[in-house]
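Letters A, B, ... mirror the listed sequences (proteins, then strands); counts begin at 1.
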Amino acid sequence: MDKLVLIDGNSIAFRAFFALPLLQNKKGTYTNAVYGFTMMLMKVLDEEKPSHVLVAFDAGKTTFRHRDYKEYKGKRDKTPGEFSEQIPLIKELLDAFGIRHFELDQYEADDIIGTLSRQAEEKGFSVTIVTGDKDLLQLVSDNVQLLMTKKGVTDADRYDLQKLKEKYGLKPEQIIDLKGLMGDPSDNIPGIPGVGEKTALKLLKQFETVEGVLENTDNLPGKKLKERVAANRRDAILSKELATILCDVPLDFGLDDLKYEGFEAERVAPLLKKLEFKSLLERIGADESPHDTTGLEAISVEMIGPEETSQWEDFLRQEALALFVERSDENYHRAEVLAVTLSDGKQRLFMDWETAKGWKAFRDWLQDGKREKWCYDVKATRVVLERHGLESKGYTFDVLLASYLIHPSESGHELSDIMERKRGGGLPEDDAVYGKGAKRRQLEGKELAEHLARKTEAIYQLKPELERELEENNLDSLFRDLELPVAHVLARMEMQGVKVDRDRLREIGEELEERLQELTEKIHGLAGTEFNINSPKQLGEILFDKLNLPVLKKTKTGYSTSADVLEKLAPQHEIVGEILHYRQVGKLISTYVEGLLKEIDDSTGKIHTRFHQAITATGRLSSSDPNLQNIPVRLEEGRRLRQVFIPSEEDWLILSADYSQIELRVLAHLSGDENLLEAFRKDMDIHTKTAMDVFGVSEDEVTSLMRRQAKAVNFGIVYGISDYGLSQNLNIPRKEAGEFIRRYFDSYPGVKTYMDEVVRKAKKDGYVTTMLHRRRYLPEIHSRNYNRRSFAERTAMNTPIQGSAADIIKKAMVQMEERLEREEMRARLLLQVHDELIFETPKEEVELLSKRVRQVMEGPVELSVPLKVDVNTGKTWYEAK
DNA sequence: GTTATCACG
DNA sequence: ACGTACGTGATAACT
C-alpha cells in the first residue's frame with residue numbers, strides 16, 4: 001500500500017532548535033535545528049518506510065488567518081535569527097535527500113498537510129503526519145496517524161483514533177472545539193478566559209461542540225463559568241475558526257510528485273560533512289566520503305607518446321570526454337602548455353604537448369563541434385590551445401562556470417575547492433602538489449600524469465552533479481545560453497588585445513615624474529623635513545604630531561590619511577592639498593604608467609587583459625593583468641592616459657558604446673514605480689528630475705548643488721540606501737541624509753515597496769535573483785549582528801539591480817559578436833567596462849557599427865522603459881568619449 | 001600575508 | 001546606540 005509521510009517542517013525544526021544546545025560548525029553556522037530535524041527525518045524514513053514524502057513549511061509573515069483576526073500570532077516573540085538562518089539549510093538538505101518541500105503564500109504548513117492528507121486518504125494511502133503541534137490531531141482518521149514529538153527530538157507519541165479517544169476522550173474534529181474553548185496563547189487565540197484543558201474536555205464530553213456548549217450556556221456548572229461563556233461567545237466561535245485546518249488549499253502538484261525512492265548517500269554526505277554531522281555521516285554509511293577519494297587517489301592513467309596515438313583513436317570517437325590542459329603559468333596569455341589529459345570516466349589518457357599537438361586525430365577531435373568537451377575554465381583552455389596553434393570547439397560544459405553560478409559568493413572555484421564542496425575532498429590543491437613560492441617545482445612523468453588524471457576525472461564526475469544542481473536552481477539557461485557563450489566572446493576579446501601607444505605612454509610618464517618631483521620637494525619643504533610621503537605612518541606623524549592637524553578619523557593601526565579626511569583638512573594647511581595631488585600623480589605613475597608598460601606584449605605592442613567570469617557575487621566581470629576596467633576617467637590628469645589606447649590597424653577608430661543609467665532603468669523596471677518609469681519614458685535627466693522631486697522645485701530652480709546631492713541619492717538607492725552612507729558621501733549630518741531619503745521614497749513610493757519586498761523575499765528564501773535568474777545567497781540576512789544584517793539587506797537591494805545590468809550587457813555582447821560575424825563586419829569587440837563596450841573598427845564601418853551596436857545593446861531584454869545607449873568614436877579611447 | 005589607499009562602474 | 005554606502009584590482013608599506 002502507498003504510504004505518505006507529511007512533515008510539519010517549521011514545527012519539527014523549532015522543536016529541535018529548543019531541544020538541543022545551540023550547536024555551531026567551524027564556520028560559525030548554527031546547526032542545532034538542522035541536526036535535530038535530520039535525526040527526526042532519518043528516524044521517520046527508517047520506521048515508516050514511506051513511498052511518498054512531503055515537508056511543508058509556513059510561508060511568509062501573514063496568512064489568510066490574519067485577515068480574519070489581526071492579532072493572530074500577535075504576541076509571539078520574534079523568531080530568533082539563529083533559527084531562521086537554519087531553514088534554508090534544512091531545505092537544501094531535503095533537496096539532497098530527494099524529498100519535496102513546499103510552502104504556500106497566505107497559508108500555513110498545517111493547511112498544506114491537511115489538504116494532502118485528505119487527498120491521499122481518498123486515494124487509499126495510509127498517512128503519517130509528523131508534528132509537534134496538537135492542532136493537527138484534528139486530521140487523524142482511520143487511515144491518518146499522527147506522530148507527535150515529545151520532550152526530546154526524536155521521541156514521539158503515535159496517535160490514531162483509539163489513542164486520541166484514550167488520551168482526551170475526543171473525536172478528531174473535536175480538537176477544533178477544544179481549541180475554540182481553551183484558546184492558544186502561543187498563537188494569541190483567545191478562547192474563553194478561565195477555561196483550560198480540563199474544563200474544556202469536561203464540557204466537550206457533555207456538549208460535543210463549541211456550538212453545543214454555547215447553546216447550553218444556562219446548563220453549565222458554576223456561575224462564573226456561565227458568565228464567562230456568555231461574555232465570550234464570539235471569541236469562542238472565532239477561535240474555533242482560526243483553529244480549523246483548511247483541507248482544500250489550491251496546490252499545483254499532486255501526490256505523484258511526492259514519490260520518494262530512498263536517498264543516495266553520495267548526495268547527502270557532502271552536506272552532512274559541511275554541517276559536521278559526523279554521527280549522521282556514519283549512520284548513512286558514508287563517514288569515509290562516498291565516491292570518495294578512492295576513485296581518484298589510486299588512479300590509473302595511460303601515458304602515451306607519438307607511437308601509441310594510433311591505438312587511441314576509438315577513444316576520441318566517444319560522445320563526450322573530459323579535457324584538461326595543464327599550463328605553466330596561471331596567466332594563459334604567456335603560458336606554455338605542459339600536457340593534455342582526457343577522460344571518459346573509465347580511462348584517462350595523458351599526453352605531453354608534443355604528442356598532443358602532433359596527433360592529427362586529436363586535433364580533428366578538438367575542432368569537431370559535435371564531439372562534446374567537458375572542461376574546467378573553457379576560456380583559459382581555449383585561449384591557451386589557440387595561442388599554441390590549436391583551434392577547439394564543442395565545449396558543452398565548464399565546471400568552473402557551473403560552480404560559480406551555483407555558489408556565486410564563494411571565493412574558491414579551483415577544481416580542488418569544488419571537489420571539497422561537492423564531495424568533501426578527493427583532489428589535492430595545485431599548491432600542495434606543485435608547492436608554492438620558492439618551493440614551486442614542475443612535476444614530471446608519472447607523478448604529473450596522475451595528478452592531471454585526477455583533475456580530469458574530477459571534471460568528468462562533477463559534470464552530471466553540477467548540471468543537476470543548475471537545473472534544480474533554474475540556472476541551466478543562464479549557464480548554457482549566456483555564460484558559456486560569453487566565455488567564447490571573452491576569449492576572442494582577450495586574444496585580440498588592445499594596441500597601446502608605448503611612446504605616448506612613456507611621454508605621459510615623464511611628465512608625471514616631473515610633476516611628482518616638484519610635489520615631493522614642495523611637500524618636504526612645507527613639512528620642514530624629508531620623509532616617505534607614501535608611508536601612511538610617516539605621513540600621519542607629520543600631519544598630526546608635527547603640524548598638529550586635528551585627527552578626524554583613525555584606522556586600526558593609527559591615523560587615517562585617506563582622501564576624504566585630507567579633503568576636510570585641506571583648508572587648514574597648504575601641505576594637505578599638495579599631498580592629495582602627490583597621491584594622485586603617484587597612483588598614475590605606479591599603477592598606470594609603470595603597470596601598463598609591464599603588460600605590453602613586446603612583439604605586438606598590445607595588452608591582453610584577462611576577464612574573470614567567476615569572481616564577482618553579482619555577475620559582473622572583473623579584469624586583471626592588467627585591470628583595464630579601472631583606467632582613469634574622472635580627472636583630466638588621469639584621463640589623458642586613455643590616449644595611449646589606440647586601434648591596432650592603420651585608419652581604424654575606437655568606438656565606445658555605453659548604457660545611459662542602466663541600473664536606474666533596471667530599477668524602474670523591477671520596481672514598476674510610476675514616477676521613475678515616466679522619467680525614463682520621457683528621457684529626462686534623471687538626477688535633475690530626482691532633485692526636482694526631493695527638493696520640491698521646478699526644473700529651472702535646480703541648482704548644481706541640488707543636482708549633485710540628488711545624484712548621490714540615486715547612487716545610494718542603487719547601493720541599498722542608508723542615511724549613514726549617504727551622509728558620509730555628501731558630508732552632511734545623518735539626519736539631513738535621512739530626510740533626503742524620506743523625501744525620495746515619498747516621491748517614488750514604488751521603489752520603497754520594491755526594496756521592502758526584495759528584503760522580505762531574501763529573508764524568506766535566503767537568496768535574491770536577477771532578471772536572468774542569477775542567484776545570490778544572503779545567509780547573514782538573519783544575523784543578530786546589526787552590521788552584518790544591514791549589509792545583507794543592502795546587498796539584497798543592490799544585487800538584483802547590479803546583477804540584472806550585468807546580465808543585460810553580457811547578453812548584448814553575445815548578440816553583438818553573432819551580429820558582427822553574420823554581417824561580415826571587420827570591427828572587433830575589445831573591452832567591457834560594466835556598462836560600456838569598446839570596439840575597434842575600420843573607419844568605413846563606423847556608421848554601420850554605431851547603428852548595430854545601438855540596436856543590439858538596446859534590445860537584449862524587454863524592459864518597461866527604453867534602454868539608451870550613447871556611442872562615441874575617436875582615434876584613441878580618450879577621444880571616444 | 002595583511003593593511004591602507006585609490007583607480008573604475 | 002549601533003555604524004557601511006554596492007561591486008572590483010593594483011600598489012606600496014609594513015608585519
Side-chain angles (χ1 to χ4, degrees), chain A residues 408-409 411 436-437 531-540 553-566 579-580 582-596 598-599 609-612 615-635 637-639 641-642 658-659 661-664 667 712-730 734 737 741 768 776 780 784-803 805-806 809 831-837:
Chain A
S409 305
S411 49
K436 56 179 170 182
F531 67 102
N532 183 352
I533 308 166
N534 283 322
S535 162
K537 194 167 155 230
Q538 294 181 38
L539 180 63
K553 198 163 94 180
K554 289 195 145 199
T555 68
K556 273 181 270 195
T557 49
Y559 307 120
S560 170
T561 65
S562 61
D564 61 316
V565 172
L566 296 189
I579 291 166
L580 281 165
Y582 172 95
R583 284 245 180 96
Q584 248 181 54
V585 175
K587 179 88 176 176
L588 295 177
I589 293 171
S590 64
T591 304
Y592 296 102
V593 177
E594 289 169 0
L596 289 179
K598 268 186 257 172
E599 297 288 346
T609 183
R610 286 184 297 152
F611 288 103
H612 305 279
I615 301 260
T616 74
T618 55
R620 275 191 178 179
L621 302 175
S622 76
S623 151
S624 74
D625 309 291
N627 181 354
L628 292 187
Q629 291 183 318
N630 72 345
I631 302 302
V633 67
R634 290 172 193 169
L635 301 170
E637 198 170 19
R639 188 175 200 154
L641 278 156
R642 296 188 168 216
D658 65 295
Y659 281 110
Q661 303 297 348
I662 187 168
E663 293 189 336
L664 287 170
L667 173 62
V713 172
N714 278 328
F715 272 100
I717 294 294
V718 169
Y719 292 157
I721 195 96
S722 80
D723 52 4
Y724 184 82
L726 184 64
S727 76
Q728 289 296 299
N729 187 289
L730 284 176
R734 203 175 71 194
I741 295 167
V768 291
R776 181 170 182 182
E780 302 224 306
R784 273 85 44 232
N785 177 316
Y786 174 89
N787 275 330
R788 286 162 175 260
R789 188 175 62 251
S790 304
F791 187 22
E793 287 170 358
R794 290 195 301 276
T795 311
M797 299 185 244
N798 169 264
T799 296
I801 301 173
Q802 190 181 120
I809 195 167
L831 299 172
Q832 187 253 42
V833 192
H834 309 308
D835 64 354
E836 132 182 66
L837 296 179

**Asked** Taking DNA chain B as the partner, which of residues 616-632 of chain A come within under 4.0 angstrom of it by heavy atom?
**Response** A:Arg620, A:Gln629, A:Asn630, A:Ile631, A:Pro632
Just to be sure I understand the rule, does [X] reach a base, reach only the sugar-phosphate, or reach nothing, if contact means heavy atoms closer than 4.0 Å?
X	result
A:Phe791	sugar-phosphate
A:Gly716	base
A:Val718	nothing
A:Gln728	nothing
A:Gln584	sugar-phosphate
A:Arg776	sugar-phosphate
A:Ala792	nothing
A:Asn787	base
A:Ala563	sugar-phosphate
A:Ser722	base

Rounding to a whole Å, what distance do you find between [X]:[atom1] and [N]:[atom2]?
X	N	atom1	atom2	value
A:Tyr592	C:dA10	OH	C1'	8 Å
A:Asp835	C:dT8	CG	P	16 Å
A:Asp723	C:dA1	CG	C1'	13 Å
A:Leu596	B:dA7	CG	C1'	12 Å
A:Leu837	B:dG9	CG	C1'	13 Å
A:Arg610	C:dG9	CZ	C1'	12 Å
A:Tyr559	B:dT5	OH	P	14 Å
A:Asn785	C:dT4	CG	C1'	12 Å

Treating [X] as the side-chain partner and [Y] as the backbone partner, does any N or O pair qualify as donor plus acceptor under 3.5 Å?
X	Y	value
A:Thr799	A:Gly803	no
A:Gln538	A:Asn532	yes
A:Arg642	A:Pro632	yes
A:Gln629	A:Gln832	yes

Below the 4.0 Å mark, does [N] have OP1 or OP2 next to a side-chain nitrogen or oxygen of [X]?
X	N	result
A:Arg583	B:dC6	yes
A:Thr561	B:dT5	yes
A:Ser560	B:dA4	no
A:Arg634	B:dG9	yes

**Prompt:** Salt bridge or not for A:Lys587 and A:Glu594, using N-O below 4.0 Å?
**Reply:** no
**Message:** With rounding to the closest Å, how many angstrom separate the P atoms on C:dC2 and B:dA7?
**Reply:** 32 Å
**Prompt:** Mind checking the P distance from B:dC6 to C:dA5? Whole angstroms is fine.
**Reply:** 14 Å
**Asked** Please, what dot-bracket string fits DNA chain C when only Watson-Crick and G-U pairs with both distances under 3.5 Å count, crossing ones use [ ] and pairs to another strand use |?
**Response** .....|||||||||.
**Complete:** Looking only at B:dC6, C:dC6, C:dA5, the nucleotide nearest the A:Ser562 side chain is B:dC6
**Item:** Shortest side-chain distance from A:Thr557, nucleotide among C:dC6, C:dG7, B:dA4
**Value:** B:dA4
Provide the closest heavy-atom pair for [X] versus [Y] in the form atom of the first, atom of the second, distance.
X	Y	answer
A:Ala712	A:Leu730	CB-CD2, 3.6 Å
A:Thr618	A:Ala806	O-CB, 4.5 Å
A:Leu628	A:Ser623	N-OG, 2.9 Å

Pairs under 3.5 Å (N/O, protein and nucleotides 12-15 of chain C):
residue : atom : partner  : partner atom : Å
C:dA13  : OP1  : A:Asn532 : ND2          : 2.8
C:dC14  : OP1  : A:Ser535 : OG           : 2.6

**Prompt:** Is the ring of A:Tyr786 stacked on the base of C:dC2, with centres less than 5.5 Å apart and planes under 30° off?
**Reply:** no
**Prompt:** Would A:Glu637 and A:Val585 count as a side chain to side chain contact (heavy atoms under 4.5 Å, CB included) if you check the C-alpha gap in whole Å, the side-chain angles of each, and the deciding distance to 0.1 Å?
**Reply:** CA-CA 8 Å; A:Glu637 198 170 19; A:Val585 175; 3.8 Å; yes
**Asked** If you look only at pairs with a residue in residues 714-728 of chain A, which of them pass as a salt bridge (charged side-chain N to carboxylate O under 4.0 Å, His left out), with sequence neighbours excluded?
**Response** A:Asp723-A:Arg734
**Item:** Step-by-step side chain to side chain contact (heavy atoms under 4.5 Å, CB included) determination, A:Leu664 to A:Val718
**Value:** CA-CA 7 Å; A:Leu664 287 170; A:Val718 169; 3.7 Å; yes
**Message:** Check this for me: A:Arg789, atom CZ, are more than 12 non-hydrogen atoms of other residues, nucleotides or ligands nearer than 6.0 Å?
**Reply:** yes
**Fill in**
Residues passing the ring pair (Phe, Tyr, Trp, His ring centres under 6.0 Å) test with A:Phe531, sequence neighbours excluded, are A:His524
**Request:** Report the residues that fulfil ring pair (Phe, Tyr, Trp, His ring centres under 6.0 Å) with A:Tyr582, sequence neighbours left out, ordered by chain and then residue number.
**Result:** none
